[in-house]
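First listed ligand is number 1; within each ligand, the first listed atom is number 1.
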Amino acid sequence: MTVIEVENLAKRYGETVAVRDVSFSVEAGEIFGILGPNGAGKTTTVECISGLRTPDSGSITVLGRPAGDRSLRSVIGVQLQESELQDKITVREALELYSTFYPNPADWRALADDLGLAPKLKSRFGKLSGGQKQRLSIALALIGNPKIAILDELTTGLDPQARRETWDLISGIRDRGVTLLLVTHFMEEAERLCDRIVVIDKGSVAALDTPAGLVERTGNEQRIRFRPSTPIEDELLTVLPEVRELRRQGPRIEVVGTGNLLHAVVSVLARNGIVAAELTLDQSTLDDAFVQLTGKE
Ligand SMILES: Nc1ncnc2c1ncn2[C@@H]1O[C@H](COP(=O)(O)OP(=O)(O)OP(=O)(O)O)[C@@H](O)[C@H]1O
């Protein structure tokens, strides 16, 4: 079942075109990622979906109703930006206060437990660590028992450990049947969590696929690096159909190619009595796909 349908969305701020033409649909129960370089139009897109902004053109429906419809307020949970909470409010006060905004709120104590906030109920927001603030903002996004949660820059500013803990939380939230829309800069995050990803670049859709599907678009390129035991001619390897490129880095050789590249290269070396020392093999990643699609590192 489609829960969010975005069709030919466009939005500008004065002269700045933030979103030129974006279309995608999100299915119930999926973790859907929105990925793109800075200023690509990701936040504007999710703000239009959550009804915080009105599109200039195009249409957005959420559970069959137009985005911004009052009836959707209790259906969509949006992660708050940190600055929207006062430093003095305690975790408990924030949870209690926000649960009064919704007709059918979640049990905030259970939510605090699930998100590891139970020991922090009396702590003031201003005294929480980055990870704890983030978990509170996720809790507040879920407090209304939403069917859809929109999380923008979920783990920005978190250390790797806190980021991993947050990923586990997100998987847990999906398991409760919540559809998740995730805006992220982190490839590893998108690769780990998302069922499908739309890559937005300069306000338009550059690609929409599963993480594996996006990686496949790079042609499943592989990169082998090694130091040959004796000097070799480039042609020995460049004649192989699997090899696309050969580069030399001092005594080391880097070969880029596709197919069964490792087998092809190692076989030729073996036939010529050459040993490949310090051999490493890298496969394409979502990072490579992103760079190929957007031209940005
Ligand atoms: N309120 C605003 N007023 C004017 N211009 C804006 C406003 N919000 C965003 N923009 C501009 O619109 C473009 C898209 O911004 P948006 O925040 O949607 O991108 P983003 O992909 O979320 O970027 P980031 O990853 O940096 O958060 C940018 O050029 C941005 O400067």
Side-chain angles (χ1 to χ4, degrees), residues 4-26 31-62 66-68 72 76-85 130-131 133-134 137-138 140-141 148-160 162-163 166-167 170 179-194 196-209 211 214 285-297:
I4 300 171
E5 182 90 59
V6 178
E7 280 180 328
N8 304 113
L9 175 68
K11 175 79 186 169
R12 57 165 70 219
Y13 303 103
E15 291 298 295
T16 309
V17 179
V19 178
R20 192 175 303 275
D21 183 11
V22 165
S23 302
F24 59 83
S25 56
V26 181
I31 302 183
F32 188 89
I34 301 187
L35 206 65
N38 286 123
K42 305 180 295 292
T43 298
T44 304
T45 301
V46 293
E47 284 178 347
C48 289
I49 293 171
S50 58
L52 292 172
R53 293 197 186 277
T54 312
D56 294 336
S57 61
S59 76
I60 304 177
T61 52
V62 180
L72 291 172
I76 304 180
V78 182
Q79 183 188 13
L80 295 171
Q81 297 303 316
E82 207 180 277
S83 54
E84 290 175 52
L85 281 177
K133 283 181 178 169
Q134 204 74 299
S137 74
I138 296 170
L140 296 178
I148 299 163
I150 299 181
L151 308 173
D152 195 347
E153 303 293 347
L154 177 72
T155 61
T156 301
L158 296 189
D159 63 42
R163 184 170 297 154
T166 310
W167 292 345
I170 296 304
T179 303
L180 285 146
L181 199 56
L182 213 71
V183 177
T184 182
H185 272 125
F186 295 107
M187 296 302 142
E188 197 189 347
E189 181 163 297
E191 204 155 13
R192 285 274 197 100
L193 288 177
C194 297
R196 290 189 306 140
I197 295 169
V198 63
V199 181
I200 297 184
D201 189 28
K202 300 186 198 80
S204 300
V205 172
L208 198 170
D209 212 328
L214 288 175
T285 61
L286 196 55
D287 260 326
D288 300 312
F290 184 79
V291 172
Q292 246 182 46
L293 285 163
T294 66
K296 303 219 172 56
E297 296 281 345

(message) Tell me whether Gly41 has any N or O atom under 3.5 angstrom from an N or O of ligand 1.
(response)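 Such a contact does occur with ligand 1.
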(message) Test your reading of the structure: does Ala40 have an N or O sitting under 3.5 Å from an N or O of ligand 1?
(response)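 Yes, Ala40 has an N/O under 3.5 Å of an N/O on ligand 1.
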Among all protein heavy atoms, pick the one closest to [atom] and tell me residue, atom and distance.
{"atom": "atom 25 (O) of ligand 1", "answer": "Lys42 NZ, 2.7 Å"}
{"atom": "atom 26 (O) of ligand 1", "answer": "Asn38 ND2, 3.0 Å"}
{"atom": "atom 30 (C) of ligand 1", "answer": "Thr16 CG2, 4.8 Å"}
{"atom": "atom 4 (C) of ligand 1", "answer": "Tyr13 CB, 3.3 Å"}
{"atom": "atom 27 (O) of ligand 1", "answer": "Thr43 OG1, 3.9 Å"}
{"atom": "atom 23 (O) of ligand 1", "answer": "Gly39 N, 2.8 Å"}
{"atom": "atom 12 (O) of ligand 1", "answer": "Ala18 CB, 3.4 Å"}

(message) Need the ligand 1 atom indices (1-based, order shown) with element for anything under 4.0 Å from a heavy-atom of Arg53.
(response)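 What qualifies from ligand 1 is 1 (N).
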(request) Give the atoms of ligand 1, by number and element, whose distance to some non-hydrogen atom of Thr44 is under 4.0 Å. (result)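 Every atom of ligand 1 under 4.0 Å from some heavy atom of Thr44: 15 (O), 16 (P), 18 (O).
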Can you confirm whether [X] sits close enough to [Y] that some side-chain heavy atom of one is under 4.5 Å from a side-chain heavy atom of the other?
{"X": "Ser57", "Y": "Asn8", "answer": "no"}
{"X": "Thr179", "Y": "Phe32", "answer": "no"}
{"X": "Glu5", "Y": "Ser25", "answer": "yes"}
{"X": "Arg163", "Y": "Phe186", "answer": "yes"}
{"X": "Leu85", "Y": "Leu140", "answer": "yes"}

(message) Under the side chain to side chain contact (heavy atoms under 4.5 Å, CB included) test against Ile76, which residue among Ile150, Val46, Ile4 passes?
(response)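 For Ile76, the side chain to side chain contact (heavy atoms under 4.5 Å, CB included) check succeeds only for Ile150.
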(message) So if I apply the side chain to side chain contact (heavy atoms under 4.5 Å, CB included) rule between Ile31 and each of Val26, Leu181, Ile170, Leu151, which one comes out positive?
(response)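 So, applying the side chain to side chain contact (heavy atoms under 4.5 Å, CB included) to Ile31 and each of Val26, Leu181, Ile170, Leu151, only Ile170 qualifies.
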(message) Let me confirm one number: the CD1-CD distance from Ile197 to Glu191, rounded to the nearest 0.5 Å.
(response)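 Reported to 0.5 Å precision, the distance equals 7.5 Å.
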